[in-house]
Amino acid sequence: MAIVEVAIPVPLNKTFDYLCDGEVAVGARVRVPFIRKKVVGVILAVKDKSEFEKLKSVEEVLDDTPILDKPILDFLFWSARYYHHPIGEVICAALPKNLRLGKEAKIKKVTGLSLDTEKPDYKITDEQSHAINEILKSQDSYHGFLLHGVTGSGKTEVYLNITQTVLDQGKQVLVLVPEIGLTPQMITRFESRLETRVVAIHSQLNETQKLDAYLMAKNGEAGVVLGTRSAIFAPMPNLGLIIIDEEHDGSFKQQSNFRYSARDLCFIRAKQANIPLVLGTATPSLEMLKNVMDKKITRLTLTQRAGGATMPKVSLIDMRQHFTPQGGTEKSDGLLSNLLIEKMKQYLSKGKQVMLFINRRGYAPVYYCKECGWKAECGRCDSGMIYHRHINRLKCHHCGDEQMPEHTCPECKQPSLEVLGYGTERLEETLSSHFADTPIIRIDRDTTRRKKAFGEHLKKINSGEPCIIVGTQMLAKGHDFSNLAMVGILDTDAGLLSLDFRATEHLAQLLIQVSGRAGRNKEQGEVVIQTRYPDHPIFNYVLSSRYTQFAIQLLKQRSSALLPPYSHQALLCANAKNKQVAEDFLREAAGLLKSIQIDTVEIWGPVANIFEKKADYYYFNLYLQSDDRKALHQMLATFNQHIDSLKLKNKVRWYLDVDPIE
Ligand code: ADP
Ligand code: ZN
Ligand code: ZN
């Protein structure tokens, strides 16, 4: 009998040996007994000796041929090592649910072949053509490219072009896009242009569809796999090119369980497969700009909008004037300045669409007593309750708890409760009083929860009829609305005041991305930003579309403060219902880390998380930082080996986050 080494999805840094008769392949799934349960695992090795005695037997071999081939297994091993995460859980994260459950690896319905493809009715620009040629020059070897093109500059056209060339050589292409909002439009564009099967992998598919897509990638039938972050693990035997669109987007980082960055893993996958990698964006992350400066990747630029469109005109409205009686002549309700309303009217009367961006959903962020100052807060989190009018509930956006709002103040018993501030829902209501005859389309998590809802909203917008679009940052990404002429950005000031060292980088990206939705057709669009801090340096750059210069300023600050990308970080987070235990565990962990004695790694904390309490649990962090990535990882690896020596380990929930972004 052979002995097989099996990876099982448990949070333990080890694999398990079982007896197995008959032929089995590395990378095949097996069902095995594991502590009173049956679990599905993946064979990592077949051997004739084990250091353990009394091995149990494999119950069932689920695959005749490997579900994971050697290249993808190597990639998963690399990922597990880098993120110091158990290989069993990493493999589990890489497989579609039906395979994890042990279901048969069989395609139910072949999809993704479009009937007619059409060629574009325009010629590619010189800049596009230069980018395409440069990328195709290194078709047969690893090379990273930052495709830095302003919004609407035709980056997608570049993707389509290079993809077709790679497909023509019988190879496959992996395209990663940020979360669901963007996928329908991208899928259509890829399907209608490329002569191949395009399969999508994202969260809106059902489990059968996800498995089908996975298997079509694996057997090579799918020429293009287009998906959100988990698609980085799609098996593609003939992979010839990886494209990651909107590289700067935070959604490429998984923020639970196995905390990987699909963007960062792209580099490893491309290197292992020895193929080019293209990272596209209008607002590169500081990490990628540093890579360009260090000559690790090549920057290709598209400086002009395609098809004769020009960049929008950006201006500020100083909101301080609206609150000083002698300051200005305008009156406003605190959210919309008269100037903004006037501009909106002008565009709407010309048959154009207008979009307003506000980064908060719900009706109002504060429900309070105007007599005594009492405020509705979540009993389980350190945060206020947000009022949602259409369901007449107070909701906590951190734990999801809901309450009926009180009618009298629980403190002073007066009937003096009121809402304060604005969310998308209240903005929609206010707008309908100013613009009674104009359709208003609200896009946020509440109006798009239903499957297909987002698509329906997009369809309405794409019909081109004049309307007002109200939305959260869901709208910032990639959309190409051809009749959208004006964008108003209502509340950016929180981002200017934030303590997070990445806040200004993210705000600049957001402002430019949101602005980038305007005027993508021939006529110049307009962007208006309302702020109480018009003198903030960020606006200097945003107003004149000098993102790169702004980013270089930020990089200088990061460099002198030794913050990422000039240093590397890891975070050990612990949370428990008992605050003391969470803190004590991290003190114990800090003791263990310090005993490893790698003095190039700084350790600080434990410190309370910004939201200390969430859903009854207290969150504390321990930060590790070093300018020597190797040293940091050496410390984490040693820490992992000795983790069992921590006495409080089983009294808290904890995780390690390598290269955290929050
Ligand atoms: P990006 O991805 O850079 O934001 P897109 O690829 O979506 O830009 O292109 C913006 C618009 O310009 C699209 O409607 C696209 O069809 C059009 N376009 C792209 N390349 C050209 C070109 N060379 N000439 C004319 N129009 C183009
Ligand atoms: Zn009161
Ligand atoms: Zn809560």
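Whatever order the structure lists them in is the order used to number ligands and atoms, beginning at 1. The first residue in the sequence is number 1, and the count goes up from there.
Among the backbone and side-chain atoms of Cys399, an N, O or S atom lies under 2.8 Å from the Zn ion (ligand 3). Coordination check, His397 versus the Zn ion (ligand 3): failed, since every N/O/S atom of the residue sits at 2.8 Å or beyond.
Under the 6.0 Å distance and 45° angle rule, Lys375 does not count as a cation-pi partner of Tyr367. Figure legend: Arg389 and Tyr363 shown as a cation-pi pair, the cationic atom lying under 6.0 angstrom from the six-membered ring centre and within 45 degrees of its axis. Because its NZ or CZ atom is not both nearer than 6.0 Å to the ring centre of Phe145 and within 45° of the ring axis, Arg299 does not count as a cation-pi partner of that residue. Cation-pi geometry between Lys614 and Tyr617 is not met: the NZ or CZ atom fails to fall both under 6.0 Å from the ring centre and inside 45° of the normal. A cation-pi arrangement is present between Arg259 and Tyr655, with the terminal nitrogen or guanidinium carbon under 6.0 Å from the aromatic centre and inside a 45° cone about the axis.
Listed by atom number, the atoms of ligand 1 under 4.0 Å from Ile124 heavy atoms are 23 (N). The contact set between ligand 1 and Gly307, taken as ligand atoms under 4.0 Å from a residue heavy atom, comprises 24 (N), 25 (C), 26 (N). Taking every heavy atom of Thr125 and a limit of under 4.0 angstrom, the matching atoms of ligand 1 come to 23 (N). Interface atoms of ligand 1 facing Lys123, defined by a heavy-atom separation under 4.0 Å, are 22 (C), 23 (N), 24 (N). Close approach of ligand 1 to Glu157 (heavy-atom distance below 4.0 Å) involves ligand atoms 6 (O), 20 (N).
Which of Leu147, Asp121, Thr156 comes nearest to atom 6 (O) of ligand 1 through a heavy atom is settled by distance: it is Thr156. Counting heavy atoms only, Gly154 comes closest to atom 9 (O) of ligand 1 of the residues Ala309, Ser129, Gly154, Gly280. Comparing heavy-atom distances from atom 7 (O) of ligand 1 across Arg189, Met186, Glu127, Lys155 singles out Arg189 as nearest.
Here Gln304 has no heavy atoms under 4.0 Å from ligand 1, in either its backbone or its side chain.
Residues Ser251 and Asp249 bring a donor and an acceptor atom of their side chains to less than 3.5 Å of each other. Residues Gln254 and Ser256 bring a donor and an acceptor atom of their side chains to less than 3.5 Å of each other. A side-chain donor-acceptor contact under 3.5 Å links Ser285 and Glu247.
Under a 4.0 angstrom heavy-atom cut-off, Arg305 registers as lying outside contact with ligand 1. No heavy atom of Gly149 sits closer than 4.0 Å to any atom of ligand 1.
Between Thr151 and ligand 1, no pair of N/O atoms sits closer than 3.5 Å. The shortest N or O to N or O distance between Ala306 and ligand 1 is not below 3.5 Å.
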Would you please test His397 and His388 for ring pair (Phe, Tyr, Trp, His ring centres under 6.0 Å) and show each step?
CA-CA 11 Å; His397 286 188; His388 285 249; 5.2 Å; yes
Evaluate the criterion salt bridge (Lys or Arg N to Asp or Glu O under 4.0 Å) for residue pair Arg263 and Glu246; output intermediate values, then yes/no.
CA-CA 10 Å; Arg263 199 248 343 253; Glu246 311 288 357; over 6 Å; no
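The angle subtended at the Zn ion (ligand 2) by SG of Cys409 and SG of Cys372 is 100°, given to the nearest 10°. Between the SG atom of Cys396 and the SG atom of Cys381, the angle centred on the Zn ion (ligand 3) amounts to 110° when rounded to 10°.
Side-chain atoms of Val158 and Leu147, non-hydrogen and from C-beta on, do get closer than 4.5 Å to each other.
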